[in-house]
Trainee: 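Shown below is the structure under consideration.
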There are 2 protein chains.
Amino acid sequence: MDKISDVSFKNITESIYIRPFRIQYTQDGKKKLWDCAVHHDSVAILVHNISRDVFVFVKQFRPAVYYNQAESLGAVESGRIDSEKAPGRLGVTYEMCAGIVDKDCSVEQIAKEEVLEECGYDVPLRHLEKITVCRSGVGTSGTLQTLFYAKVTDAMRVGEGGGNPTEGELIEVIEVPVSESLAFVMDETVETPVGLLFGITWYMACKQNQKGCKSGGCS
Amino acid sequence: MDKISDVSFKNITESIYIRPFRIQYTQDGKKKLWDCAVHHDSVAILVHNISRDVFVFVKQFRPAVYYNQAESLGAVESGRIDSEKAPGRLGVTYEMCAGIVDKDCSVEQIAKEEVLEECGYDVPLRHLEKITVCRSGVGTSGTLQTLFYAKVTDAMRVGEGGGNPTEGELIEVIEVPVSESLAFVMDETVETPVGLLFGITWYMACKQNQKGCKSGGCS
């Protein structure tokens with residue numbers, strides 16, 4: 001997965017993935033403008049295999065993370081990245097299973113399909129628990145992300161997962177024991193989005209420690 | 001803050017805030033490309049006023065969140081948003097104090113300055129505790145975000161906060177009792193990014209409940 005080579009980049013003015021638009025508005029009598037980018041709503045799922053008490057994460061190469069790592073190492077110059085100086089593993093992240101809401105069905109159904117596609121588990125809808133919703137990229141996209149907790153068992157594993165190859169996805173399924181998960185995600189050498197950090201600390205505060213949950217008012 | 005009117009929007013191909021670029025690379029022998037957008041690294045700070053045991057959040061109008069809310073209400077049509085149908089309060093979020101790393105000084109110093117500018121507290125550097133680092137927008141930006149926990153007291157409050165008006169910032173400082181904070185952020189009607197969700201559950205798992213911290217390996 002992390003054998004990365006021949007890396008180049010260029011500025012573009014058109015992208016089907018990143019479409020900037022400008023909002024103009026009046027706030028408290030003052031005219032303002034703000035540039036945003038169109039995105040899809042999404043789901044993310046904290047997958048907990050209760051047969052072996054492990055969390056199931058997805059590991060993948062993220063070009064944007066790689067670019068930033070390469071830049072901080074001085075490996076970026078004139079449209080190229082030196083992949084000797086910045087090896088591909090620097091762009092590998094650990095994340096919750098996730099996907100975009102691009103079909104006309106419930107977010108629960110989309111979450112169920114992502115768990116199957118990325119992690120190989122056929123999880124019944126009743127094993128999906130909605131944690132809460134939040135906003136992604138409040139600065140530029142502001143889309144809704146619905147967060148789930150999914151209890152799976154070894155018996156539900158019907159495939160390898162790995163993502164949708166026709167979409168270019170190349171995902172490795174990783175298991176981390178629940179007892180080691182907090183130390184794992186807090187380790188600064190492990191590249192994670194804040195969503196995974198939330199998933200684990202939510203579990204610690206609201207699931208594992210039921211007392212904390214009740215006193216804190218977590219539903 | 002939430003008196004929003006005269007809202008229009010248009011597609012743009014150039015923005016100084018959102019600059020798309022395309023990375024081309026070879027992964028495991030396969031040629032691929034990915035579109036990213038340039039952003040800055042950032043800091044976010046969970047501000048805890050220990051004089052009154054409250055968390056200090058920032059409340060602001062986020063155009064991107066507002067646009068998404070308006071769209072889901074059917075208030076978007078042909079370049080305009082009907083602000084009667086979609087009132088401005090729908091775009092108001094609650095977040096941790098945060099800022100971009102755009103100066104040549106330590107992330108601790110930038111965090112300290114953001115706490116002063118947005119929340120009005122002059123916090124000594126020794127009261128800033130680094131929680132961890134994570135990646136923002138792994139899909140498109142992949143920048144580094146450094147997360148801090150800051151203990152402040154009423155005696156450190158030297159100003160009103162509110163953000164930098166020359167940058168167009170209009171921020172309201174909000175206090176939420178620590179005992180109510182988990183219920184507050186988990187409430188689906190409260191618009192929050194996942195970063196704030198993490199801040200609160202990290203506190204519950206690693207600070208308030210020191211036992212959970214040790215057993216989980218949180219440093």
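Numbers restart at 1 for each chain; the letters A, B, ... are given by sequence-line order, proteins then strands.
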Trainee: Output, in order, the C-alpha distance, side-chain angles, deciding distance and verdict of side-chain contact (heavy atoms from CB on, under 4.5 Å) for Leu147(A) and Val194(B).
Mentor: CA-CA 10 Å; Leu147(A) 302 164; Val194(B) 73; 4.3 Å; yes
Trainee: Measure across Ser141(A) and Asn68(B) and return the closest heavy-atom pair with its distance rounded to 0.1 Å.
Mentor: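 That closest heavy-atom pairing would be O-ND2, 2.6 Å.
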Trainee: Is it the side chain or the backbone of Ile200(A) that comes within 4.5 Å of chain B heavy atoms, both, or neither?
Mentor: neither
Trainee: With sequence neighbours excluded, tell me which residues meet salt bridge (Lys or Arg N to Asp or Glu O under 4.0 Å) with Glu175(B).
Mentor: Arg52(B)
Trainee: Checking Arg19(A) against chain B: side chain, backbone, both or neither under 4.5 Å from a heavy atom?
Mentor: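 For Arg19(A), neither part sits under 4.5 Å from chain B.
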Trainee: Among the options Asp6(B), Val65(B), Val138(B), pick out the one with the most heavy-atom pairs lying under 4.5 Å from chain A.
Mentor: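 That would be Val138(B).
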Trainee: I need the minimum non-hydrogen distance between Gly142(B) and Ala64(A), along with the two atoms involved.
Mentor: N-CB, 3.9 Å
Trainee: Taking the side chain as every heavy atom from C-beta outward, state whether Ile4(A) and Thr26(B) have any pair of such atoms under 4.5 Å apart.
Mentor: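 They are not in contact (no side-chain heavy atoms under 4.5 Å apart), so the answer is no.
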Trainee: With a 4.5 angstrom heavy-atom cut-off, is it the side chain or the backbone of Ser5(A) that approaches chain B, or both, or neither?
Mentor: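 Both backbone and side chain.
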Trainee: Has Glu77(A) got more than 12 heavy atoms of other residues, nucleotides or ligands less than 6.0 Å from its CD?
Mentor: no
Trainee: Would you mind reporting whether Tyr25(A) and Phe61(B) have side-chain heavy atoms less than 4.5 Å apart?
Mentor: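 With C-beta onward as the side chain, the pair touches.
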Trainee: Under a 4.5 Å cutoff for heavy-atom pairs, which residue among Glu71(A), Gln69(A), Gln145(A), Gln60(A) has the most contacts with chain B?
Mentor: Gln69(A)
Trainee: Who pairs with Glu172(A) by salt bridge (Lys or Arg N to Asp or Glu O under 4.0 Å), at least two apart in sequence or on another chain?
Mentor: Lys59(A)
Trainee: Among the options Ser8(B), Gly199(B), Ser15(B), pick out the one with the most heavy-atom pairs lying under 4.5 Å from chain A.
Mentor: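 Ranked by heavy-atom pairs under 4.5 Å with chain A, first place is Ser8(B).
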Trainee: Grab the two heavy atoms, one from Ile23(B) and one from Tyr67(A), that are nearest each other, plus how far apart they are.
Mentor: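 Closest heavy-atom pair between Ile23(B) and Tyr67(A): CD1-CB, 3.7 Å.
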Trainee: Quick check for you: among Ile18(B), Asn11(B), Ile16(B), which has the greatest number of heavy-atom pairs under 4.5 Å with chain A?
Mentor: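 Max contact count across the listed options: Ile18(B).
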Trainee: If you count every heavy atom of other residues, nucleotides or ligands that lies below 6.0 Å from Phe21(B) atom CZ, does the total exceed 12?
Mentor: yes
Trainee: Does some side-chain heavy atom of Leu170(B) sit less than 4.5 Å from a side-chain heavy atom of Gln27(A)?
Mentor: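 Answer yes - side chains close enough.
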Trainee: Output the residues of residues 78-106 of chain B for which the shortest heavy-atom distance to chain A is under 4.5 Å, in residue-number order; output 'none' if no such residue exists.
Mentor: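 Thr93(B), Glu95(B), listed by number.
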Trainee: If you count heavy-atom pairs under 4.5 Å between each of Leu144(A), Leu197(A), Thr13(A) and chain B, which one has the most?
Mentor: Leu197(A)
Trainee: For residues Thr201(B) and Ala205(A), report the shortest heavy-atom separation together with the two atoms involved.
Mentor: O-CB, 4.1 Å
Trainee: Listed by residue number, which members of residues 30-50 of chain B have a heavy atom under 4.5 Å from any heavy atom of chain A?
Mentor: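 The list, in residue order, reads Lys32(B), Trp34(B), Asp35(B), Cys36(B), Ala37(B), His39(B), Asp41(B).
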Trainee: With a 4.5 Å limit on heavy-atom distance, are the side chains of Arg62(B) and Arg135(A) in contact?
Mentor: no
Trainee: Take Met204(A) and Trp202(B), measure what side-chain contact (heavy atoms from CB on, under 4.5 Å) needs, and give me the verdict at the end.
Mentor: CA-CA 9 Å; Met204(A) 300 298 160; Trp202(B) 167 80; over 6 Å; no
Trainee: Please determine whether side-chain contact (heavy atoms from CB on, under 4.5 Å) holds for the pair Val185(A) and Thr132(B), giving the CA-CA distance in whole Å, both sets of side-chain angles, and the decisive distance to 0.1 Å.
Mentor: CA-CA 9 Å; Val185(A) 297; Thr132(B) 188; over 6 Å; no
Trainee: Just so I understand: if I count every heavy-atom pair under 4.5 Å between each of Gly137(B), Gly29(B), Gly139(B) and chain A, which residue has the most?
Mentor: Gly139(B)
Trainee: Kindly compute the distance separating NZ (Lys3(A)) from CG (Asp28(B)), expressed to the nearest 0.5 Å.
Mentor: 6.0 Å
